[in-house]
Structure formats: C-alpha cells, structure tokens
K.L.:
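Quick one: this structure, given as structure tokens, is what I'll be asking you about.
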Amino acid sequence: MNVSSIRFPGVNQPMCPSRLVLEHVTSRWGVLVLAALLERSYRFSELRRTVGGVSEKMLAQTLQTLERDGMVHRDAKPVIPPRVDYSLTPLGKEAAEQVWGLARWAERRLDVVESARETYDEARSRPAPGLAEQR
C-alpha cells in the first residue's frame, strides 16, 4: 500500500471528525468511565459509586456517548428488576488503555505540575520590573 494513499485524519484541521472522538474519550467523565470499565463490567449504580463525583445525568450521557462511539457495550437483561451491565468493547478497551496511561502519568507528575503552577503564579503576582518606579 502506498503511504500517500492512506487517509490521515488531520486532527489539527477544524472539521476533522476525530476531534469529536478525542473529545468523548478525553472528557473528564469519559476518561474515568473508560478507566473504571478496564477493571470489569459494572451496573450503573456501581459505576456511579466507582467514578466519584459524577452525577446520574452526566454518567448516563457519558455512557450513551461512548456506546454510540462503539466503545461501551450496554447489556440489558430482561429480568425483574431490570439489570443493565456496562462493559468495554475491544475498541473501548484500546481507547481506555490509552487514556489510562495519560491519567497515570498525570498522577505521577502532579508534583511537578503543581510546582510549575506556583512558579507561574508567583511570577504573575510580582509587578514587572520598571512598573513600580513609574507609580
């Protein structure tokens, strides 16, 4: 196959459809839902407890979006009371492994990021040289 014939998504292009996929998998709740489902399948209420802080509405919306994108499988069992389990599809597992690596990196490097923020904030809180004399 000729490399020039392969269609690259061009994520930096304004109308690139892959931007929407990135938005879904890297959203605040998307990352956490995908990461949780890497462990095992969950019922809705279990998943909500596992992903601390997510509202019922946001979890439902996130799961529906990820299901539409082919990343989450929703298994509704015809029993009383109804039972619905959520799990990752192979595509979802692939995406979850990618974003989980990013989440782990963020946890490992949090001290460096916080230090950079402090340095930035301190530099912005001091008057620029020469401004103090002009007053």
Side-chain angles (χ1 to χ4, degrees):
M1 175 179 272
N2 183 350
V3 175
S4 64
S5 67
I6 298 173
R7 183 179 164 259
F8 292 99
V11 74
N12 289 325
Q13 299 303 311
M15 300 304 291
C16 181
S18 63
R19 282 187 174 193
L20 193 55
V21 175
L22 280 172
E23 183 180 322
H24 295 165
V25 300
T26 62
S27 71
R28 176 182 185 182
W29 303 120
V31 169
L32 299 174
V33 165
L34 289 169
L37 291 173
L38 260 176
E39 297 174 17
R40 64 180 180 89
S41 65
Y42 281 94
R43 294 178 74 174
F44 186 89
S45 58
E46 292 177 308
L47 188 56
R48 185 163 178 232
R49 283 191 299 273
T50 300
V51 179
V54 66
S55 69
E56 194 171 311
K57 177 185 175 185
M58 283 309 301
L59 180 57
Q61 191 175 347
T62 300
L63 286 167
Q64 187 176 31
T65 298
L66 293 173
E67 182 183 7
R68 183 172 183 253
D69 286 347
M71 308 226 182
V72 168
H73 173 71
R74 181 180 184 273
D75 183 22
K77 297 187 178 22
V79 294
I80 297 176
R83 180 182 174 106
V84 179
D85 290 296
Y86 295 91
S87 60
L88 293 176
T89 65
L91 181 65
K93 185 175 188 302
E94 187 179 341
E97 288 169 347
Q98 297 297 317
V99 296
W100 188 238
L102 181 60
R104 288 283 150 231
W105 172 86
E107 288 177 337
R108 284 191 313 271
R109 303 303 284 170
L110 185 58
D111 57 336
V112 177
V113 172
E114 287 176 339
S115 177
R117 287 175 179 166
E118 287 174 16
T119 301
Y120 179 92
D121 292 344
E122 285 173 14
R124 297 301 178 278
S125 67
R126 284 185 252 123
L131 283 182
E133 297 89 39
Q134 292 177 4
R135 291 184 186 173

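These numbers come from a predicted model, not from an experiment.
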K.L.:
Just how far is it from atom CG of L47 to atom OG of S87, taken to the nearest 0.5 Å?
P.N.:
11.0 Å
K.L.:
Hey, does L32 have a side-chain heavy atom less than 4.5 Å from the side chain of T62?
P.N.:
no
K.L.:
What residues, two or more places apart in sequence or in another chain, satisfy side chain to side chain donor-acceptor pair (under 3.5 Å) together with E39?
P.N.:
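Checked E39 against side chain to side chain donor-acceptor pair (under 3.5 Å); matches are Y42.
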K.L.:
Does CZ in R40 sit with more than 12 non-hydrogen atoms of other residues, nucleotides or ligands closer than 6.0 Å?
P.N.:
yes
K.L.:
Just how far is it from atom CG of L63 to atom CZ of R48, taken to the nearest 0.5 Å?
P.N.:
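Atom-to-atom, L63:CG and R48:CZ are 12.0 Å apart.
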K.L.:
First locate atom CZ of R68, then atom NE2 of H24, and finally report the distance between them rounded to the nearest 0.5 Å.
P.N.:
7.5 Å
K.L.:
How about R19 and V11: do any of their side-chain heavy atoms sit closer than 4.5 Å?
P.N.:
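In short, these two side chains touch, coming nearer than 4.5 Å.
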K.L.:
Only counting residues at least two apart or in another chain, list the ones meeting side chain to side chain donor-acceptor pair (under 3.5 Å) with R43.
P.N.:
none
K.L.:
Is a side-chain donor or acceptor of S115 paired with a backbone partner of D111 at a separation under 3.5 angstrom?
P.N.:
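A pair under 3.5 Å: no.
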K.L.:
Which heavy-atom pair separates G70 from T89 by the least distance, and what is that distance?
P.N.:
O-OG1, 2.5 Å
K.L.:
So how far is it from E114 CD to T119 OG1, rounded to the nearest 0.5 Å?
P.N.:
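It comes to 12.0 Å.
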K.L.:
How long is the span from the OG atom in S41 to the CZ atom in R74, to the nearest 0.5 Å?
P.N.:
13.5 Å
K.L.:
Would you mind reporting whether V33 and L66 have side-chain heavy atoms less than 4.5 Å apart?
P.N.:
yes
K.L.:
Just verifying a value: how many Å separate L91 CG and D69 CG, rounded to the nearest 0.5 Å?
P.N.:
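Rounded to the nearest 0.5 Å, the CG-CG separation comes out at 8.5 Å.
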K.L.:
Is V21 reachable from L102 through a run of I, L, V, M, F, W or Y residues, each pair having side-chain heavy atoms under 4.5 Å apart?
P.N.:
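The answer is no; the residues belong to distinct hydrophobic clusters.
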K.L.:
Might you point out which heavy atoms bring L34 and G92 nearest each other, and give the distance in Å?
P.N.:
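Distance-wise, the nearest heavy atoms are CD2-O, 4.2 Å.
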K.L.:
Can you tell me if CD on Q64 sees more than 12 non-hydrogen neighbours from other groups inside 6.0 Å?
P.N.:
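No, because the 6.0 Å sphere around CD of Q64 holds 12 heavy atoms or fewer from other groups.
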K.L.:
May I ask whether L20 and W29 are part of the same hydrophobic cluster, defined by side-chain heavy atoms of I, L, V, M, F, W, Y residues being less than 4.5 angstrom apart, directly or through others?
P.N.:
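No, it is not one cluster - the side chains of L20 and W29 are not joined through contacts under 4.5 Å.
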K.L.:
Is a donor on one side and an acceptor on the other found under 3.5 Å between the side chain of R49 and the backbone of F44?
P.N.:
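Side chain of R49 to backbone of F44: no pair is present.
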K.L.:
Is any side-chain heavy atom of K77 closer than 4.5 Å to a side-chain heavy atom of D85?
P.N.:
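Heavy-atom side-chain distance check passes, below 4.5 Å.
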K.L.:
Linking I/L/V/M/F/W/Y whenever any side-chain heavy atoms sit under 4.5 Å apart, do L88 and L22 land together?
P.N.:
no
K.L.:
Do K93 and E97 sit within salt-bridge range, that is, some charged N less than 4.0 Å from a carboxylate O?
P.N.:
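Counted as a salt bridge, because a side-chain N and a carboxylate O are separated by less than 4.0 Å.
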